[in-house]
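Shown next, in structure tokens, is the structure this report addresses.
Just so it is clear: chains get the letters A, B, ... in the order the sequence lines come, proteins before strands, and each one is counted from 1.
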2 protein chains.
Amino acid sequence: MLAKPSIKRSANTGIADEPSELRMTRQRREVYRVLLAQRDHPTAYDVFMRVKDGLPHISLATVYNCLEALVEHDLVRQVNFDREPSRYCPNLEEHGHFHDRDTGVIHDVKFKPGIKLADVLDLPHGAVIQDVEINLRGQLSLA
Amino acid sequence: MLAKPSIKRSANTGIADEPSELRMTRQRREVYRVLLAQRDHPTAYDVFMRVKDGLPHISLATVYNCLEALVEHDLVRQVNFDREPSRYCPNLEEHGHFHDRDTGVIHDVKFKPGIKLADVLDLPHGAVIQDVEINLRGQLSLA
DNA sequence: CCGATAGCAAGAACTATTCTAAATTCACGC
DNA sequence: GCGTGAATTTAGAATAGTTCTTGCTATCGG
């Protein structure tokens with residue numbers, strides 16, 4: 001997602017389509033805290049296990065709900081490699097992901113300074129990009 | 001996948017790790033033909049429906065097997081948007097995909113001439129890229 | 001405090017995909 | 001042409017990550 005963070009904002013104005021604010025419940029706060037605390041791109045299940053330390057009664061479904069809410073409100077990005085379980089990333093800067101086949105670790109990959117995606121891609125005429133996903137797979141040669 | 005096409009090649013030399021050639025069965029040929037005939041990034045199920053015209057008794061599992069074999073041998077690329085059903089693309093040039101939210105159509109997106117991914121990304125030191133996936137979502141403004 | 005709305009929990013349901021086991025096909029040497 | 005072993009196909013069962021349903025609970029505005 002391109003950054004458009006929104007946490008608690010002004011009260012609803014009554015205008016129909018206004019995106020609603022995210023209510024920060026105990027569960028959502030804990031899920032978000034867990035994501036910030038250890039930025040290793042955990043799966044929903046990983047998050048579930050970590051959140052249980054603070055909220056032993058939380059259910060996996062709630063973790064999914066919370067992650068969805070956080071993603072929807074652009075506090076967190078969902079990262080998908082092929083059809084593996086989704087992973088979650090609190091880094092909101094535009095960046096890609098490098099999956100190391102040897103270790104399984106996913107590294108954030110930034111653009112070189114000054115580079116914009118639209119500068120390097122031949123986009124369809126009139127294309128308005130709402131979402132960018134760049135996923136790399138490979139290995140870290142030790143040489 | 002980075003291009004490394006291999007269809008029928010020379011007979012096996014006896015060397016252990018040589019990647020084996022792809023045996024072109026009726027089913028695989030038909031699946032491949034269908035992908036080349038209509039390059040609209042069909043799902044496995046779409047392919048299944050199309051292949052049935054020529055091979056009415058083919059099973060969905062076989063279509064999955066064939067697609068996997070074709071992907072494995074770099075004749076076809078698998079395209080994943082989030083966790084939606086995988087789509088299949090016979091375009092082997094390095095390119096990305098733009099998913100139009102309004103129509104659902106997926107467009108191929110080429111790099112501007114002369115641009116290499118490594119030129120624009122800050123890769124981890126020593127990273128060897130085996131596979132690149134660039135997925136965009138947005139709309140085609142009619143203006 | 002009251003009613004309405006949003007969120008939570010537990011488990012069932014869903015669905016794209018993979019696996020299993022048995023039957024078929026194929027390449028190849030004879 | 002024909003047997004043989006390996007690869008492939010098939011149909012259906014199984015899997016797994018995720019989403020849905022239902023009833024309960026918390027929260028908010030008034």
Side-chain angles (χ1 to χ4, degrees), chain A residues 6-14 16 18-32 34 41-49 51-52 54-73 75-76 78-88, chain B residues 6-14 16 18-32 34 41-49 51-52 54-73 75-76 78-88:
Chain A
S6 83
I7 195 165
K8 287 248 174 194
R9 294 177 321 177
S10 59
N12 193 301
T13 58
E18 170 133 348
S20 66
E21 69 196 62
L22 177 63
R23 209 150 90 183
M24 256 307 168
T25 64
R26 226 162 352 122
Q27 287 85 347
R28 288 176 181 167
R29 181 162 21 245
E30 189 65 9
V31 165
Y32 189 41
V34 157
H41 306 89
T43 65
Y45 188 77
D46 294 334
V47 172
F48 175 52
M49 295 312 260
V51 166
K52 280 214 278 194
L55 297 172
H57 295 305
I58 198 169
S59 80
L60 179 55
T62 298
V63 171
Y64 273 104
N65 287 341
C66 292
L67 289 169
E68 185 187 345
L70 292 169
V71 168
E72 211 98 296
H73 286 77
L75 292 168
V76 165
Q78 192 172 19
V79 179
N80 292 299
F81 271 88
D82 302 335
R83 297 192 59 79
E84 292 171 17
S86 292
R87 295 166 176 280
Y88 297 87
Chain B
S6 83
I7 195 167
K8 287 250 172 192
R9 293 177 319 174
S10 58
N12 195 300
T13 56
E18 171 135 343
S20 65
E21 70 195 63
L22 177 62
R23 206 151 94 182
M24 258 304 166
T25 64
R26 225 158 357 117
Q27 289 84 347
R28 288 175 181 167
R29 183 164 18 249
E30 189 64 9
V31 165
Y32 188 42
V34 156
H41 305 91
T43 64
Y45 188 77
D46 294 334
V47 173
F48 175 53
M49 294 313 259
V51 166
K52 280 215 276 194
L55 298 173
H57 295 305
I58 199 170
S59 79
L60 180 55
T62 299
V63 172
Y64 273 104
N65 288 343
C66 292
L67 289 169
E68 185 187 344
L70 292 169
V71 168
E72 211 98 297
H73 285 77
L75 292 168
V76 165
Q78 191 173 19
V79 179
N80 293 298
F81 271 89
D82 303 335
R83 298 191 59 80
E84 292 171 19
S86 292
R87 295 164 176 282
Y88 296 87

With a non-hydrogen cut-off below 4.0 angstrom, is B:S86 in contact with a base, only sugar-phosphate, or nothing?
-> sugar-phosphate

For the pair made of OH in A:Y45 and P in D:dG17, what is the distance, rounded to whole Å?
-> 10 Å

Could you please name the option among C:dA16, D:dG12, D:dG17 that lies closest to any side-chain atom of A:Y64?
-> D:dG17

To the nearest 0.5 Å, how far apart are [atom1] in [X] and [atom2] in [Y]?
X     : Y     : atom1 : atom2 : value
A:L67 : A:Y88 : CG    : OH    : 5.0 Å
A:R29 : A:L70 : CZ    : CG    : 11.5 Å
B:R28 : B:L75 : CZ    : CG    : 10.5 Å
A:M49 : A:I58 : CE    : CD1   : 13.0 Å

Decide yes or no on side-chain contact (heavy atoms from CB on, under 4.5 Å) for A:D82 and B:Q78, but give the supporting numbers first.
-> CA-CA 8 Å; A:D82 302 335; B:Q78 191 173 19; 5.6 Å; no

Protein N or O to nucleotides 5-9 of chain D N or O, pairs below 3.5 Å:
residue : atom : partner : partner atom : Å
D:dT8   : OP1  : B:R28   : NH1          : 2.8
D:dT8   : OP1  : B:R28   : NH2          : 3.3
D:dT9   : OP1  : B:T25   : OG1          : 2.6
D:dT9   : OP1  : B:Q27   : OE1          : 3.3
D:dT9   : O3'  : B:Q27   : NE2          : 3.2

Phosphate OP1/OP2 of D:dT18: any B:R83 side-chain N/O under 4.0 Å = yes

Find which nucleotide of DNA chain D each of B:V63 and A:R87 is nearest to by heavy atoms, and output the residue with the more 5' nucleotide.
-> B:V63

Exercise: do A:T62 and A:N65 side chains pair donor with acceptor under 3.5 Å = no

